[in-house]
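In what follows, a structure is listed as C-alpha cells, so that the remarks can point back to it.
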Amino acid sequence: MSSATMARGPEAAANGFDLFNLPDAYYRDPVPFYKALRDHEPLHWNSDGSVLLSRYDDIKTIWRDLTGKVNRAEAYAKKFGEGPLLEHHTSTMLFRDPPDHDRLRDIVNPFFTQASMERLRVGLREIVAELLAEVEEKREIEFVSEFSSRIPIQVICDIFGVPRSDGPIIRDLGAQVLLPLNPAVSQEVIAAGHEATRKFKEYLLVHINEWRRRPVEDVPSNIISALVAAEKRGSPPISEDEMAHMCILVLNGGHETTTNLIGLSTLALMNHPEELALMADDPGAVGPGIEECLRYATPLQLQGRRTTREVQVPSGTIPPDTEVIIAQVSANRDERMFADPDTFRLKRAPNPHLAFGAGIHVCLGRPLARLEAGEALPALARRFPNMQLAAEPVFNRNARFRGIQQMRVRLY
Ligand code: HEM
C-alpha cells in the first residue's frame, strides 16, 4: 500500500495493503495502515495466499488454537534454501511444535522465573547506574548506541556466562540471523543470514565445548551449563545443533526486542512530558507504565501460524493449511478492546495487551524484559526529567522487529 493509496482514504488503503512491498511511511508509523485493515478488511489475503489478521479477537483465537503449527520447514526451505539459516529457523522451540517445543523450553525455563529475576536485579541496577553516570557527562547522546542497546546485551551475556565484551559481535550476528524472517527480503540478506548463523554456531560451540570439559553443575549457573548438563545426562535429550540454536534464539530474543522496547518507550515518554514526569515521580505508575509501553510500542510486531484445519475466528473462516500472519501491533491498537488506543497513558487499566504473544509460545523472556524496562525507564526519567529529542529519530526497516536505529536525545 503506497502513501498515495493512504491519501485516497482508509478503504482504498486497506484494499491496497501489500505486506511484501511496504512503503517508507509504514516504517515510520505502521499504526494508520492497520487501522484501515481492522476497519475494512480484517481478514486480508496476501498475494502469496497467506492471510493477515489485524483484530484483537481474531488474533487471540489463532494464538490460543492448539491445532495451529509453527513449524515452517517447507516454506523456509523454499525461502532460504539449504544451509545454517534454514537449520536455525527450523530447530529452535520458536518454530517447533509439541512435544519438541516443550522438551526444549523446559531446559531454559528456570532461568526466567521471578526468583531468577530477583537475583539479576542488583547487577542490572549497577549496569543502569554506570550507564547513566557515563551519559550524564554529555549534553546530547545517540540513545540507541550509548544507552538502550547496552543494557539488555550485558544482562543476556551474564545469563549465558559469556563475556560482556562479546556483546557487539552477538548483536551484529543476531541482527543478520533475524532479518531474513521479514516478509520480503533480498538474496543478499538471506546469504548474509546463512553466513552469520554459521559464525554464530562456531562462536557458541567454543563455549559449549568449554562447559563440556567441566563437571556438571548441580544447579547450573548459566544457560550453556544447563544445556550441557541436559546433554550429559541425556535427560531431556538434546542434540549439539539444538543446543547451539537454542543459544542463538535466546541470545537474540534477549537483547533486540528489549533494546527496541527501551528506545521506543523513551520516545513515547519524551513525546508525553506529563507521562515522563509520572514515570520519574510515581512508583505506582512504573508497573502499569511498562505494560503501557509494551502495548504502545509492541517491539515484536508480526508472528506466523499455519492452520491444520478450518478455523473459525470472529471475523470469518480460515481454511486448513493456510499461513496466518498475526499482526499483534494492530491488536494492541484495536479500539474494540482498548479505549482511546492511540493515547499513551501509563496508568491504563485494564491493559490485556498481546506484546508477548499468547498460548504455548508466549514469550519466555517476558519477566526479563519487564525487569530491564522497569529498572531503566524510571531511573532515566528521574535523572533527566526534561529530556528531549534533538532530531527526528530514524526507524529501522524491519516489519517484524520494530525499533529505532538512531535517536539523538538532549539530556536535561
Ligand atoms: C520487549 C521485549 C520482548 C518482546 C516484545 C517479546 C515478544 C515475544 C513474542 C510475541 C513471542 C511469541 C512468538 C510466537 O508466538 O510465535 C516471543 C517468544 C519468545 N521470546 Fe520474547 N519478547 C521479548 C523479550 C524477550 C527476552 C528478553 C527473551 C529472552 C531472554 C525472549 C525470548 C523469547 C523466546 C525464547 C521465545 C520463544 C518461546 C517459545 O517458542 O516457546 N524474549 N517473544
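Start at 1 and go down the list; that is how both ligands and their atoms are numbered.
A distance of 6.0 Å or more separates the ring centres of Phe395 and Tyr27.
By the 6.0 Å and 45° rule, Arg333 does not stack over the aromatic ring of Phe338.
If you look at ligand 1, the protein residues with a non-hydrogen atom under 4.0 Å away are Trp63, Met93, Leu94, His101, Arg105, Phe112, Ile156, Leu249, Val250, Gly253, Gly254, Thr257, Thr258, Leu261, Leu294, Pro299, Leu300, Gln303, Arg305, Gln328, Ala355, Phe356, Gly357, Ile360, His361, Cys363, Leu364, Gly365, Leu368, Ala369.
Relative orientation of the Phe80 and His194 rings is perpendicular, given thresholds of 30° and 60° on the angle between their planes.
Side-chain contact between His88 and Phe95 is absent, with no heavy-atom pair separated by less than 4.5 Å.
Applying the side-chain contact (heavy atoms from CB on, under 4.5 Å) criterion to Glu292, with sequence neighbours excluded, gives Arg295, Phe344, Arg345, Arg348, Asn351.
Using a distance-only test at 3.5 Å, with no hydrogens or angles considered, no donor-acceptor pair links the side chain of Arg305 to the main chain of Gly68.
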